[in-house]
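Written below as structure tokens is the structure these notes are about.
These figures come from a predicted structure and were not determined experimentally.
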Amino acid sequence: MTDSFTQICDLADFEDKEVTLAGWLYNSRASGKIQFLILRDGTGLCQCVVEKGPVGDELFEQLKHLAQESSLTVTGTVRADQRSVGGYELAVTDAKVISPADGYPITPKSHGIDFLLKHRHLHLRSQHQWCIGKIRHTVIDAIRRFFNDNGFILIDTPIITATAGEEVQTLFEVDYFGEPLHLAQTGQLYVEAAAMSFGKVYCFGPTFRAEKSKTRRHLTEFWMVEPEIAFINLEGLLELAENFVAFIAAQVLQNNKNELGTLGVDVATLKKIKPPFYRLTYTETVNILTGQKTKDFLAGQLKGLHQEKQQLENKIGELEKQQAGQIKQWQKDKIAAELIELRAVLAETNTRIENNPKHAKLAAEFQWGKDLGGSDETIISQMHDKPVFVTHYPKQAKAFYMKTDGDNEEVVLNFDLLAPAGFGEIIGGSIREDDYDLLVARINEQNLDIENYNWYLDLRKYGSVPHGGFGLGVERTIAWLTDQKHIRQCIPFPRMMDKVYI
RNA sequence: UCCCCGAUAGCUCAACUGGUAGAGCGAGCGGCUGUUAACCGCUAGGUUGUAGGUUCGAGUCCUACUCGGGGAGCCA
């Protein structure tokens with residue numbers, strides 16, 4: 001059936017020819033004797049120009065009253081026109097309504113986030129979510145391609161698991177025929193086993209964490225890719241990670257120019273994502289956080305925020321004055337919409353002003369040995385224009401499986417990758433402890449039940465080798481690359497703490 | 001779990017210190033031959049989240065609850 005219809009993305013090949021498009025009415029504007037129907041077919045948007053002459057009065061009237069998101073086929077001649085979205089438009093000769101969509105709830109005007117999440121099944125049709133969906137596809141394709149082309153074997157790890165990879169409190173429990181098991185929060189332990197078979201492997205799938213985290217960077221169900229490599233050291237891992245992330249960014253730049261443009265993403269910042277990334281040790285990071293540089297940086301930022309606030313308030317005051325004056329109704333409406341926008345930005349600026357001193361205090365009083373907090377990561381991330389590796393965290397702050405640094409018993413051979421401009425962590429990884437006795441000691445130190453790790457310990461009993469890997473959060477990566485405020489926009493059907501909409 | 005903010009028409013928001021609930025979008029009708037979240041005119045649309053309280057009078061003040069947003073801790 002698809003064959004008989006032309007796709008909007010291919011219109012350039014059909015200039016001056018007659019085609020039939022099949023899709024949904026995205027928006028329409030009608031004048032007395034001419035109508036502009038914006039049709040979307042999943043591959044793009046096309047302006048269809050309907051004139052009374054060629055289509056006749058009856059069809060003209062029917063189309064005039066057609067609701068947004070009604071499905072239809074449209075036949076006409078393709079012609080180039082700069083005034084049209086996509087550069088081509090259709091001079092309509094015929095159209096058939098497949099199914100009307102009266103009362104479609106999402107209008108072209110603004111909506112609140114709660115409303116949109118409740119209507120996510122329909123909101124997926126919007127330009128914004130469509131662009132993100134296309135980019136998500138590119139990111140996932142790039143992930144698989146990168147590993148497949150570099151000799152990695154895909155290993156599917158189980159979703160229902162018995163062993164814990166991370167903190168026990170963050171597990172979702174499953175009643176497995178009466179036995180309490182839980183949903184996987186990482187495939188790492190399994191992928192380590194597979195690395196001893198194939199050398200280089202990766203797993204890629206959904207991950208579940210029952211974290212009580214209500215932030216713009218958290219989902220309870222998210223997608224993570226975890227490569228694991230035998231015979232690798234920390235520097236090797238860092239190189240792999242930076243090449244990997246740079247490859248994803250390059251693929252998005254190459255394949256999603258239009259989508260990035262529609263979303264208003266600054267392409268120049270994406271072009272900067274090239275190796276080598278910055279490298280800091282945890283200790284260097286702590287010194288930066290507690291030092292003058294951070295103090296100055298945050299003070300400068302606060303000053304900038306106050307200026308921003310002042311400018312916003314001036315602008316709002318000005319608009320309010322204009323609004324009270326004698327102007328046309330439509331101008332008032334435009335100002336009202338602008339005011340809503342500005343007030344939202346102002347509220348956000350106020351929050352940042354409020355948080356700035358707290359963050360400054362946390363950073364200044366940071367004690368060596370603690371894990372970096374969200375605000376600390378944000379500060380480091382904001383100071384850089386490219387991703388930053390932070391390596392060699394204190395042993396006590398990190399998971400039992402991370403290998404102790406031979407040169408410094410206090411720290412482990414691990415790293416986090418922080419995306420720049422304040423976005424924060426997108427990767428966490430480490431070299432794994434490969435010595436049987438040391439691993440047992442670490443399990444006991446952290447009061448974990450050693451019974452649960454018998455099979456994992458076998459990997460150290462039978463031909464153990466140095467190995468390591470990392471996990472990259474897909475939604476966080478997409479949110480960073482597309483400059484989204486909240487990662488819930490970056491998965492089709494988000495699951496958040498205490499809230500699953502549809 | 002803690003802190004802050006919010007809930008008014010289908011949607012997005014107004015309503016100065018308590019005094020008759022408004023506008024745009026969407027819907028319906030009409031007008032307009034090149035529109036770009038088109039525009040112009042008319043019409044319909046409300047027990048102001050729930051339950052109490054203060055008051056001559058509550059959308060506005062107080063208490064509790066429900067739901068939502070933002071932030072913190074923790075993380076990819």
> From the list B/G70, B/G73, B/A76, which nucleotide is the closest neighbour of the side chain of A/His486?
Replying inline: B/G70
> Can a donor-acceptor pair be found between the side chains of A/Tyr393 and A/Asp416 at a distance below 3.5 Å?
Replying inline: yes
> Roughly how many Å is it from NZ in A/Lys64 to C1' in B/G28, rounded to a whole number?
Replying inline: 13 Å
>> Can you measure A/Leu171 atom CG to B/A76 atom P for me and round it to whole angstrom units?
In response: 13 Å
> Within the structure shown, what part of the strands sits under 4.0 Å from A/Leu472 by heavy-atom distance: base, sugar-phosphate, or nothing?
Replying inline: nothing
> Heavy atoms under 4.0 Å, any strand shown: does A/Arg217 hit a base, just sugar-phosphate, or nothing?
Replying inline: base
> Any stems for RNA chain B, made of 3 or more Watson-Crick or G-U pairs in a row, each with both distances under 3.5 Å?
Replying inline: B:1-7 with B:66-72, B:10-13 with B:22-25, B:27-31 with B:39-43, B:49-53 with B:61-65
> Any N or O donor-acceptor pair linking the side chain of A/Glu51 to the base of B/G34 at under 3.5 Å?
Replying inline: no
>> Between P on B/G10 and NE2 on A/His111, what's the gap in Å once rounded to a whole number?
In response: 14 Å
> For the pair made of CG in A/Leu116 and C1' in B/G68, what is the distance, rounded to whole Å?
Replying inline: 14 Å
>> Check this for me, if you would: do A/Glu377 and A/Arg217 make a salt bridge, where the nitrogen-to-carboxylate-oxygen distance has to be below 4.0 angstrom?
In response: yes
> Looking only at side chains, do A/Tyr401 and A/Glu192 share a donor and an acceptor under 3.5 Å apart?
Replying inline: no
> What does A/Thr215 touch in the nucleic acid at a heavy-atom separation under 4.0 angstrom: a base, only the sugar-phosphate, or nothing?
Replying inline: base
>> Please report the distance separating the P of B/G49 from the corresponding atom of B/G10, rounded so that it comes out in whole Å.
In response: 13 Å
>> Within the 4.0 Å heavy-atom criterion, would you say A/Ala67 contacts the bases, only the backbone, or no part of the nucleic acid?
In response: nothing
> Choosing from B/A38, B/G73, B/G70, which nucleotide comes nearest the side chain of A/Ser31?
Replying inline: B/A38
> Given atom NE2 of A/His123 and atom C1' of B/C11, what is their separation to the nearest angstrom?
Replying inline: 13 Å
> Roughly how many Å is it from OH in A/Tyr26 to P in B/G26, rounded to a whole number?
Replying inline: 14 Å
>> If you assign each of A/Gly112 and A/Gly374 to its closest nucleotide in RNA chain B, which residue comes earlier from the 5' end?
In response: A/Gly112
> Can you list, by residue number, the residues of residues 32-40 of chain A that have a non-hydrogen atom closer than 4.0 angstrom to RNA chain B?
Replying inline: A/Gly32, A/Lys33, A/Ile34, A/Phe36
> Separation of A/Arg352 atom CZ from B/G71 atom P, in whole Å?
Replying inline: 11 Å
>> Can you work out whether A/Ala30 or A/Leu66 has the more 5'-proximal nearest nucleotide on RNA chain B?
In response: A/Leu66
>> Side chain of A/Asp114 only, heavy atoms from C-beta on: which candidate in B/U36, B/G68, B/G70 is closest?
In response: B/G68
> Checking all strands, does A/Gln127 fall into the base, sugar-phosphate, or nothing category for heavy-atom contacts under 4.0 angstrom?
Replying inline: nothing
> Is the shortest heavy-atom distance from the side chain of A/Trp480 to the side chain of A/Pro387 under 4.5 Å?
Replying inline: yes
>> Which nucleotide wins on minimum distance to the side chain of A/His218, given the candidates B/A76, B/G73, B/C32?
In response: B/A76
>> The side chain of A/Phe115 is closest to which nucleotide in this list: B/C11, B/G34, B/A76?
In response: B/C11
> To the nearest angstrom, how far is A/Trp223 atom CH2 from B/A76 atom P?
Replying inline: 19 Å
> Among B/G71, B/U35, B/C75, which is the nearest nucleotide to the side chain of A/Arg476?
Replying inline: B/C75
>> Salt bridge or not between A/Glu242 and A/Arg279? Use side-chain N to carboxylate O under 4.0 Å.
In response: yes
> Which part of the nucleic acid does A/His65 contact within heavy-atom distance under 4.0 Å: base, sugar-phosphate only, or nothing?
Replying inline: sugar-phosphate
> Across the strands shown, which category fits A/Leu219 at heavy-atom distances under 4.0 angstrom: base, sugar-phosphate, nothing?
Replying inline: base
